[in-house]
Novice: 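Structure below; questions to follow.
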Amino acid sequence: VVFFVLAEAVPKTYAVLYPERAALATARATSALVRFPPLRLISEGLIGLTNWVVPGKGLDKGPFVSEQELLGIVEAAADDDVIEHEERRLIESIIEFGDTIAREVMVPRPDIVFLHVNDTVTTALDVAIAEGYSRLPVLADDEDDVTGVAYTKDLMKAEREGHGSQVVGDLVRAVRFVPENKPVARLMREMQAEKFHLAMVADEYGGVAGLVTLEDCLEELVGDIVDEYDTEEAEVQRLPDGDYLIDGGAGVSDINELLDIQLPDDDWDTVGGFVFGTLGHVPHQGEHVDFGGWRFAAEVVDGRRVRRLRVGVSPRWTDRTDDDGDRDRASGTKADPAGAS
């Protein structure tokens, strides 16, 4: 009664109900105890002994909370309505942001709109207006020789001044190159500090792998930023029959979260790359891979690229019905090479 009720339950309950009163009432006593030298020495010695017996991240740092534990705390807080679900998503994005690299957010090489260094200002401006971009990379004769970036505002100014026949190469501005594995958090800080909004992503052989913008970095934190001129199709569409129509460029991590499975992402970043890599050849329309109870079928193939996939429950999977009538689908099944057909 004395220790549990009077010393534990009652004070803690009171502090939870009246935090400000409890803090003010105990502040002076707590401050005096913290500053009391013998108690400080004893407590530091006990903490050091504990860290030596059960080490955390170094003896001087003590116990720590892992990312998974922190994500669990955030999820529990959202379920208990302590924080809003929008706040939960933002916190999760911030935690995962530190592990994101440029390759995961870049616009891939096939989707980049290039200008040629010998294009005229008028031609370049027509391309910029048609595509709706304010900055376009400029290529020389070599496909991987990006000489710089042409700004639409520079092209418009030259056109208004009567220099429409001038070549774009005279107006290009310097462009940054970053490696594929550069952390997005560090890249965004560099963009802010050095005031550039676009960088070319180079692979380990020096070739152009893609393009990343400041907007791409921000979208990793706050989600897609769509303006009134964007006409992009939804990355994931739910069909009337319950299947999903998924963009081939959708990230593996996003699809894992959507379907509650564990697609491997060591050798590819997109769900189209997963199908391509698992099959071992360019898929034809209708070819599929079965994984974790789901069937990933190539719906639209453009050249060597899987543009869209149809994802539905695999016919090979046996559904089990529990007492509530819900289907119980296991997740995380390893890829079955025989499932590719």
Side-chain angles (χ1 to χ4, degrees), residues 100-220 232 248-249 251 267-270 272-273 276-277 282 302-307:
T100 307
I101 58 177
R103 186 181 68 246
E104 297 176 302
V105 302
M106 71 180 184
V107 177
R109 171 67 183 264
D111 292 341
I112 300 176
V113 177
F114 288 101
L115 297 176
H116 192 272
V117 70
N118 293 324
D119 288 341
T120 64
V121 168
T122 300
T123 301
L125 189 57
D126 289 341
V127 173
I129 292 173
E131 299 292 341
Y133 294 126
S134 60
R135 298 170 178 83
L136 291 170
V138 180
L139 283 176
D141 294 329
D142 187 347
E143 291 185 356
D144 286 321
D145 185 11
V146 178
T147 60
V149 177
Y151 285 55
T152 302
K153 60 183 180 182
D154 293 338
L155 300 176
M156 294 172 66
K157 181 180 179 182
E159 179 77 11
R160 289 291 299 272
E161 292 175 351
H163 303 304
S165 59
Q166 185 179 3
V167 295
V168 172
D170 297 336
L171 300 176
V172 295
R173 301 195 186 191
V175 64
R176 292 293 190 92
F177 281 86
V178 298
E180 288 181 304
N181 60 351
K182 188 179 185 71
V184 173
R186 186 153 49 122
L187 175 60
M188 190 170 72
R189 286 196 296 269
E190 291 179 4
M191 285 180 164
Q192 289 177 293
E194 302 176 31
K195 299 178 181 178
F196 65 97
H197 285 216
L198 180 149
M200 302 303 299
V201 181
D203 59 27
E204 59 182 314
Y205 304 105
V208 174
L211 174 154
V212 63
T213 66
L214 182 59
E215 181 177 327
D216 295 327
C217 299
L218 288 173
E219 286 182 337
E220 281 299 299
E232 296 180 354
D267 299 320
W268 43 71
D269 297 316
T270 66
F276 195 165
V282 178
D302 183 8
R304 296 183 297 274
R305 190 173 182 188
V306 181
R307 288 287 183 181

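Computed over heavy atoms, backbone and side chain alike; hydrogens, waters and symmetry mates excluded.
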Novice: Please report the shortest heavy-atom distance between Y133 and V113, naming the atom on each side.
Specialist: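 Residues Y133 and V113, closest heavy atoms: CE1-CG2, 3.7 Å.
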
Novice: Are the side chains of F276 and V282 in touch, meaning some heavy atoms are under 4.5 Å apart?
Specialist: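 Heavy-atom side-chain distance check passes, below 4.5 Å.
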
Novice: Please enumerate all residues that pass salt bridge (charged side-chain N to carboxylate O under 4.0 Å, His left out) together with R305, with sequence neighbours excluded.
Specialist: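 Testing R305 for salt bridge (charged side-chain N to carboxylate O under 4.0 Å, His left out), a comparison that skips the adjacent residues, returns D111.
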
Novice: To the closest 0.5 Å, what do you measure between CZ (F196) and CG (L214)?
Specialist: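 Here the rounded value is 9.0 Å.
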
Novice: Can you tell me if T152 uses its side chain to pair, donor with acceptor, with the backbone of S134 under 3.5 Å?
Specialist: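 The answer is yes, because a donor-acceptor pair under 3.5 Å joins these two groups.
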
Novice: What pairs of donor and acceptor atoms, side-chain ones from residues 200-212 against any protein atom, are under 3.5 angstrom apart with sequence neighbours left out?
Specialist:
residue, atom, partner, partner atom, Å
D203, OD1, Y205, N, 2.9
D203, OD1, G206, N, 3.0
D203, OD1, G207, N, 2.8

Novice: Could I get the full list of side chain to side chain donor-acceptor pair (under 3.5 Å) partners for R189, not counting sequence neighbours?
Specialist: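 R189: no side chain to side chain donor-acceptor pair (under 3.5 Å) contacts found.
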
Novice: Could you report the tightest heavy-atom contact between A124 and L155, atom names first, then the distance?
Specialist: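 Heavy atoms only, the tightest pair is CB-CD1, 3.8 Å.
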
Novice: Side-chain contact, heavy-atom cut-off 4.5 Å: H116 with V168?
Specialist: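 They are not in contact (no side-chain heavy atoms under 4.5 Å apart), so the answer is no.
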
Novice: For T120 and G164, work out which heavy atoms get closest and say how close.
Specialist: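 For T120 versus G164, the nearest heavy atoms are CB-O, 3.5 Å.
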
Novice: Could you work out, with salt bridge (charged side-chain N to carboxylate O under 4.0 Å, His left out) as the rule, every residue matching D119, not counting sequence neighbours?
Specialist: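 None.
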
Novice: Output the distance between atom CE (M191) and atom NE2 (H197), rounded to the nearest 0.5 Å.
Specialist: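 That separation rounds to 8.5 Å.
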
Novice: Is it true that K182 and E190 have a side-chain N and a carboxylate O under 4.0 angstrom from each other?
Specialist: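 A salt bridge is present here (some side-chain N lies under 4.0 Å from a carboxylate O).
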
Novice: V175 and L198: side-chain contact (heavy atoms from CB on, under 4.5 Å), yes or no, with the steps?
Specialist: CA-CA 7 Å; V175 64; L198 180 149; 4.1 Å; yes

Novice: Sort and list the pairs that fulfil salt bridge (Lys or Arg N to Asp or Glu O under 4.0 Å) and have at least one residue in residues 100-109, not counting sequence neighbours.
Specialist: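 Pairs touching residues 100-109 that pass the test: R103-D269, R109-D144.
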
Novice: Could you grab the distance from atom CD of E131 to atom CD1 of I129, nearest 0.5 Å is fine?
Specialist: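 Rounded to the nearest 0.5 Å, the CD-CD1 separation comes to 11.5 Å.
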
Novice: Does either side chain, that of D126 or that of T123, offer a donor lying less than 3.5 Å from an acceptor on the other one?
Specialist: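 Distance-only check fails for D126 and T123.
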
Novice: Quick check: closest heavy atoms across A102 and P179, and the distance to 0.1 Å?
Specialist: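 Residues A102 and P179, closest heavy atoms: CB-O, 3.9 Å.
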
Novice: When rounded to the nearest 0.5 angstrom, what distance separates CG in N118 from CG in D141?
Specialist: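 If we round to the nearest 0.5 Å, N118:CG and D141:CG are 6.5 Å apart.
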
Novice: Just verifying a value: how many Å separate I101 CD1 and N181 CG, rounded to the nearest 0.5 Å?
Specialist: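 It comes to 6.0 Å.
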
Novice: Compare all side-chain heavy atoms of T100 with those of P183 and state whether any distance is below 4.5 angstrom.
Specialist: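 A side-chain contact under 4.5 Å is absent here.
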
Novice: Considering all heavy atoms of both residues, which atom of G249 and which atom of T270 are nearest to each other, and what is their separation?
Specialist: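 Minimum heavy-atom contact is O-CG2, 3.6 Å.
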
Novice: Could you give me the CA-CA distance, side-chain angles and deciding distance for L136 and V127, then say whether side-chain contact (heavy atoms from CB on, under 4.5 Å) is met?
Specialist: CA-CA 9 Å; L136 291 170; V127 173; 4.2 Å; yes

Novice: State, yes or no, whether a side-chain contact exists between V121 and L171 at a heavy-atom distance under 4.5 Å.
Specialist: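 Side-chain contact under 4.5 Å: yes.
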
Novice: I need the full list of side-chain hydrogen bond (donor to acceptor under 3.5 Å, both in side chains) pairs touching residues 157-172, with sequence neighbours left out, sorted by first then second residue.
Specialist: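 Output for this query lists T122-E159.
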
Novice: Under the criterion side-chain contact (heavy atoms from CB on, under 4.5 Å), I'd like the reasoning laid out for V107 against D216: C-alpha separation, chi angles, the key distance, then a yes or no.
Specialist: CA-CA 9 Å; V107 177; D216 295 327; 4.1 Å; yes

Novice: Using side-chain heavy atoms (C-beta onward) and a distance below 4.5 Å, is V146 in contact with L139?
Specialist: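 Heavy-atom side-chain distance check passes, below 4.5 Å.
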
Novice: So how far is it from C217 SG to M106 CE, rounded to the nearest 0.5 Å?
Specialist: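 Interatomic distance, C217 SG to M106 CE, rounded to 0.5 Å: 13.0 Å.
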
